[in-house]
Amino acid sequence: MFEKMVKLSRVKSPWVCHFNSGSCNGCDIEIIAALMPRFDAERFGVLLKGSPRHADVLLCTGPVTGQMKERLIKIYEQMPEPKFVVAFGECACTGAVYTGAYNVEGGIDKVIPVNAYVPGCPPKPEAILDGVVKLLTAFKESE
Amino acid sequence: MARVTIPIGPQHPALKEPERFMVTVEGETIVDADVRIGHIHRGLEKLFEQRTYLQNIHITERICGICSFTHSTNFCQATEYILGVEPPRRGLYLRTLMNEFERIHSHLLWLGVAGHEMGFDTLLMWSWDDRERILDLFEDITGNRVTHAFNTIGGVRRDITDAQIQRILHTMDIMEERTKAYIQVGLNEQTILKRTQGVGILTTADAKRLCAVGPRLRASNVKYDVRKNDPYAAYGELPFEVITSDTLDVHGQLVVRALELLECVKMCRYMVQNLPAGEIRVKVPRKVPPGEAISRTEAPRGEDIHYLRSNGTDKPERLKVRAPTLANILNVAHTLKGANIADIPLIVAGIDPCMGCMDRVLILDRDKESCKVMSAEQLREYSIEWYRKEAYR
């Protein structure tokens, strides 16, 4: 009963922590644009939190650079269970145009497990809403 | 009073991008500040050498997602200098037009972020909502909101139609009206005045000594703008003023940016009304003869420099990028000294930092007054252990 309630509240209001692990900022501004009046992700209960300890979803942008690799793992470990990771943008998915650069490890999934991928360079704010809704639907249907 | 060193970042609620500040404080006053950069260093300059010129246009655009167009303009200009080609006038006008759109969207973005940092979220919502209008124009003209793929060596890739010109003029009317409202807010609203006046003062002498660029430099009362001092693209033919402020603080930067918005609107209107007819690009060879060139542009954040050396193949031998935030981060470390802890986000946001442009560990554990260096792995285990104990307390 209690667990059901927790799950319901998680689906109704996912708290998101945004982490830039080497992005060019293009995806980051689109994430903030998704929270602004035009798209207004908050009407779905999505709330951007500063601390990973408060977050249910880690929204990662950019490829993983050598310096940020350890920090990404650290941030991931700080999140409470159950945790979800969304790779936002083409470089977070695969490394995209930065593939081959000496300080780029590749996509987010090279370092931590990823639950959902939102491709695009950068994805439009509609895409981020779609990604979050799909992730939550999958979580709702899982046992 | 005991001195305490506080590490801020790289992931911190007050910072939007990974950067790290080691701030030494006495009570609430900052006595020393140190900046650590390079968290999102991707090794792009090496990557440029492995890609062809055409591919590099796309990579330079992804140096930074906010000033994407300036970087690609800079790269194309440097290549054009070496090739010795001059894009047609219509191409130059369209390039300049997009540069000014980018400045409008970037300044509105800054206004919102500054509003957010001073706890005035209404301003954030307003200015980001108006910013969407410019992004709509970008999407209309180039097909994408953030990275445009509009520039190419020898001109631009798409032409604009009369219907698009009408839409641009309509948006500019709205922008002018909104900008005037923002200027009224910026000059009269008590929340902004109380929070920004006298904060983050950088004197004219210090600004020159520390090589500040862009709105930060102009807010320190130095009349310098690459668009005016070394005109590129179509800027030589456009009517506009260089805005300066003599208040030297964050409020001065706000005023400079808000008044620059009006100048941008004026320029955009002039450009679409006086758009020359003709071709938009010239064909250029894929291989670039040996040579070197420096290209300068005024990015929304300040002067952006690209140095290009070619060796006769279709790949550049060296491309060096000096982004404006790298020049400005020095004066942030300087202005932070003597400031209040609560003003850190505002001072840092003041220069409109863009780490994606600039970057291309030290973990400290404070034990009374001594600092001990731990590796990240050790500290991570330490923190997990510490919080595990915390749960049972």
Side-chain angles (χ1 to χ4, degrees), chain A residues 17-40 48-54 58 61-78 89-91 95-105 120-125, chain B residues 10-18 38-48 50-51 55 58-59 61-68 105 109 112-113 116 124-129 131-133 135-136 139 144-147 354-357 359-361 363 375-377 379-380 383-384 387:
Chain A
C17 176
H18 162 224
F19 186 71
N20 174 347
S21 62
S23 149
C24 71
N25 275 338
C27 295
D28 309 58
I29 53 171
E30 290 296 72
I31 287 173
I32 304 183
L35 295 166
M36 290 300 128
R38 169 84 65 96
F39 301 100
D40 198 13
L48 198 65
K49 296 305 284 184
S51 167
R53 291 184 200 280
H54 298 160
L58 186 66
T61 56
V64 184
T65 64
Q67 277 227 30
M68 291 310 269
K69 187 181 171 188
E70 288 191 4
R71 287 163 173 102
L72 180 62
I73 298 171
K74 196 154 80 181
I75 299 278
Y76 180 73
E77 284 178 355
Q78 283 178 356
E90 199 66 57
C91 2
V97 291
Y98 305 123
T99 312
Y102 62 85
N103 206 24
V104 171
E105 305 267 335
C121 187
K124 294 180 76 172
Chain B
Q11 203 275 343
H12 191 270
L15 306 172
K16 298 285 167 290
E17 293 166 86
H39 290 290
I40 42 180
H41 173 84
R42 288 154 295 193
L44 282 181
E45 288 182 9
K46 196 73 192 160
L47 192 66
F48 292 138
Q50 300 157 14
R51 301 279 190 272
Q55 289 172 325
H58 294 268
I59 304 179
E61 222 169 30
R62 282 156 183 82
I63 290 175
C64 165
I66 305 176
C67 21
S68 54
H105 109 72
L109 181 145
V113 172
H116 173 71
L124 170 72
M125 296 287 170
W126 281 353
S127 65
W128 279 66
D129 196 26
R131 186 178 155 266
E132 290 289 332
R133 298 179 203 278
L135 294 186
D136 283 348
E139 203 173 354
N144 203 350
R145 286 159 54 94
V146 176
T147 42
C354 180
M355 300 301 150
C357 277
D359 286 348
R360 288 171 273 140
V361 170
I363 306 289
S375 77
E377 189 67 30
L379 190 70
R380 193 166 79 237
S383 68
I384 293 169
Y387 273 95

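Every chain is numbered from 1, with letters handed out A, B, ... down the list of sequences. Because the structure is predicted, anything quoted here is derived from the model rather than measured. Computed from heavy atoms alone, side chains included, the values below leave out hydrogens, waters and symmetry copies.
Ile29(A) CD1 to Arg131(B) CZ: the interatomic distance, rounded to the nearest 0.5 Å, is 4.5 Å. Remark: Lys46(B) NZ to Tyr102(A) OH distance equals 8.5 Å, nearest 0.5 Å. Atom CZ of residue Arg145(B) and atom CD of residue Glu30(A) lie 4.0 Å apart, to the nearest 0.5 angstrom.
In this structure, Leu35(A) and Met125(B) approach most closely via the heavy-atom pair O-CE, 4.4 Å. Annotation for Asn25(A) and Cys64(B): closest pair ND2-SG, 4.5 Å, computed over non-hydrogen atoms. Looking at every heavy atom in both residues, Cys24(A) comes nearest to Ile63(B) through CB-O, 3.9 Å.
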**Asked** Does the side-chain contact (heavy atoms from CB on, under 4.5 Å) test come out yes or no for Cys121(A) and Arg62(B), once each step is laid out?
**Response** CA-CA 9 Å; Cys121(A) 187; Arg62(B) 282 156 183 82; 3.0 Å; yes
**Asked** Where do Arg38(A) and Asp136(B) land on the side-chain contact (heavy atoms from CB on, under 4.5 Å) test, with the steps shown first?
**Response** CA-CA 12 Å; Arg38(A) 169 84 65 96; Asp136(B) 283 348; 3.0 Å; yes
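Top candidate by heavy-atom pairs under 4.5 Å with chain B, chosen from Cys91(A), Ser21(A), Ala33(A), Gly100(A), is Ala33(A). In terms of non-hydrogen atom pairs under 4.5 Å with chain A, the most contact-rich of Leu124(B), Asn144(B), Val146(B), Asp129(B) is Val146(B).
With sequence neighbours left out, Glu105(A) forms a side-chain hydrogen bond (donor to acceptor under 3.5 Å, both in side chains) with no residue at all. Leu47(B) is linked by a side chain to side chain contact (heavy atoms under 4.5 Å, CB included) to Ala101(A), Leu44(B), Gln50(B), Arg51(B), Ile59(B), counting only residues two or more places apart in sequence or in another chain.
For a residue to count as touching a neighbouring chain, one of its non-hydrogen atoms must lie under 4.5 Å from one of that chain's; by this rule Gln55(B) does not touch chain A.
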